[in-house]
Chemist: 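The following block contains the structure, expressed as structure tokens.
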Amino acid sequence: MAVREAEPIAVEEARRRCFEWASPREVVRVPLVEAVGCYLARGPELPEDVPPFDRSLKDGYAVRAADTAGASDGTPVSLIVIEEVAAGGWPTRTVEPGTAVRTMTGAPVAPGADAVVPLENVRLPEGSAGREGDRIELVIPARAGDEIQRRGDDLPKGSSPVGAGERLGPREAAVLATAGVLEVEVVRRLRVAVLSTGDELLSGPGPLRPGQIRNSNGPMLAAMMRMEGWDVRDLGQCSDRVESVVQAVHGALESGDVVVTTGAVSVGDYDVVPHAMERLGMKLLFQKVAIRPGKPMTVGVKDDRIWFALPGNPASTFVTAHLFLLPTLRKMAGARVWDALRTIAVLKGRPSEGPIPLTRYWRARVWLEAGRAVVDAGREQLSAAISSFLGANALVEVPPGEDPRVGEAVAVWWLDVPPAPIGY
Ligand code: AMP
Ligand code: MG
């Protein structure tokens, strides 16, 4: 049996040990859309200007702004239409004084022109359809640059608008695709296995035997990690025997990066996980954290594999997964910023319990009220209460010995927002 540390370590120290250990997995080159959810290993340099040519933002006429000076209702400027260009076409004529090129939205602006006048600002004289060979009349002066998107104005060639460590989502896919980046280098998806320990658990369908409860930690963890974009294998459940745990975890450690178990990590009669860790030669990063819920949480590592042994109470699993598991794994997946966002909020409601010498985390709901973050933790905080997850988009962090009152400012972890502000 591994020697248990006498005292639990502080939350921040435990997190620091995890992050210090974690390093990104291998880099792979994959088609853009297959990389969704992965973190970029390198911020690609854009190979093309966006847009790739000066293009019209409106259906209208490409003109020389100088020609239109002084145009008004009473003194219209008359131009002759020398060509028509649609999106996908290319102009063959140059706009000389007194001429215009009919130019549709997205079409290239003909050389010589420095403005596009929208169709609705153009008057057609008697008999003119505004097409090639026709005359048009302008009644408002155009300014150079009007309705033209210049080549490279949106995204210049050679720039790297999406950096290493950023997560590839729909916005990044659009930005890279538009500049001709069809493949990206990302850190490969993590391979994670989830195992729920407990003789009392039922993971599949069917009626409960007396004394059984349904496995909720397995589905919760699998859901959390699938939403992060990782390959998650749910190993279901195993019984509270060292052998069963060793057997189930052994293979998962061979074939994956991460094993997450829940339960059997405390000091009860059937808490076999510490023994299984020792049997598998895991080195312990820590073996108890000064936290509620989740105190018996233990993390072991071996080579480049990591085993998170989360306590089995559903709220303990929930809290420790958010504070330790997800950020550590995001770092392994290549994220530059791996933590959830932490802010200060005004406490609107709180549970009835007194201070303790551990860091407490209350499941809570955070929202904005008149521009200020407010948070309500006035719900059941029992670690066995799964109903407390409903609507819980935040954790209120209460330092050891403290006991914030309603109306006071508290530290809050936002669980449902992206891990970093724009421009971090
Ligand atoms: P343990 O950490 O194994 O001592 O479990 C603590 C409590 O959480 C016990 O009441 C277990 O029945 C319960 N529990 C453990 N694992 C799960 C699970 N996967 N789903 C739901 N409840 C669980
Ligand atoms: Mg158990």
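It should be emphasised that the depicted structure is a prediction, and the values quoted were computed from it without experimental measurement. Here, residue 1 is the first one in the sequence, and each next residue gets the next number. Heavy-atom basis, side chains included; hydrogens, waters and symmetry copies ignored. In listed order, ligands and their atoms are each counted from 1.
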Chemist: Indicate, as side chain, backbone, both or neither, the part of R214 found under 4.0 angstrom from ligand 1 when only non-hydrogen atoms are considered.
Modeler: backbone
Chemist: Around atom 15 (C) of ligand 1, find the nearest protein heavy atom and jot down its residue, atom name and distance.
Modeler: G312 O, 3.4 Å
Chemist: If you measure only the distance, is there a donor-acceptor pair under 3.5 Å linking the side chains of Y39 and E166?
Modeler: no
Chemist: Which ligand 1 atoms are under 4.0 Å away from a heavy-atom of A264?
Modeler: 1 (P), 2 (O), 3 (O)
Chemist: Spell out, as yes or no, whether a donor-acceptor pair under 3.5 Å connects the side chain of R25 to the backbone of R188.
Modeler: no
Chemist: When Q381 is tested against each of E353, R363, R292 for side-chain hydrogen bond (donor to acceptor under 3.5 Å, both in side chains), which residue passes?
Modeler: R363
Chemist: Which residue holds the protein heavy atom closest to atom 10 (O) of ligand 1, what is that atom called, and what is the gap in Å?
Modeler: N313 OD1, 4.4 Å
Chemist: Heavy atoms only, cut-off 4.0 Å: how does S196 contact ligand 1, side chain, backbone, both, or neither?
Modeler: side chain
Chemist: Heavy-atom contact under 4.0 Å between G198 and ligand 1?
Modeler: no
Chemist: Around atom 4 (O) of ligand 1, find the nearest protein heavy atom and jot down its residue, atom name and distance.
Modeler: D271 OD1, 4.1 Å
Chemist: Return the set of residues passing side-chain hydrogen bond (donor to acceptor under 3.5 Å, both in side chains) with N313 (not counting sequence neighbours), or none when no residue passes.
Modeler: none
Chemist: Is the F389 to F318 ring centre distance short of 6.0 Å?
Modeler: yes
Chemist: If you have a sec, work out which protein heavy atom is nearest atom 17 (C) of ligand 1 and how many Å separate them, to one decimal?
Modeler: N217 ND2, 3.2 Å
Chemist: Does L201 approach ligand 1 within less than 4.0 angstrom via side chain, backbone, both or neither, non-hydrogen atoms only?
Modeler: side chain
Chemist: Looking at ligand 1, does any of its N/O atoms fall within less than 3.5 Å of an N/O of E200?
Modeler: yes
Chemist: Between D114 and A144 (side chain of the first, backbone of the second, donor and acceptor by atom type, cut-off under 3.5 Å), is there such a pair?
Modeler: no
Chemist: Within the 4.0 Å heavy-atom shell around N215, which atoms of ligand 1 are there?
Modeler: 18 (C), 19 (N), 20 (N)
Chemist: Could you tell me if the side chain of V101 sits less than 4.5 Å from the side chain of I82, heavy atoms only?
Modeler: yes
Chemist: Non-hydrogen atoms of G268 versus ligand 1: any pair closer than 4.0 Å?
Modeler: no
Chemist: Heavy-atom contacts under 4.0 Å between I213 and ligand 1: side chain, backbone, both, or neither?
Modeler: side chain
Chemist: Determine whether the side chains of T261 and T197 contain a donor N or O and an acceptor N or O closer than 3.5 Å.
Modeler: no
Chemist: Would you call F324 and L310 a side-chain contact if the rule is heavy atoms closer than 4.5 Å?
Modeler: no
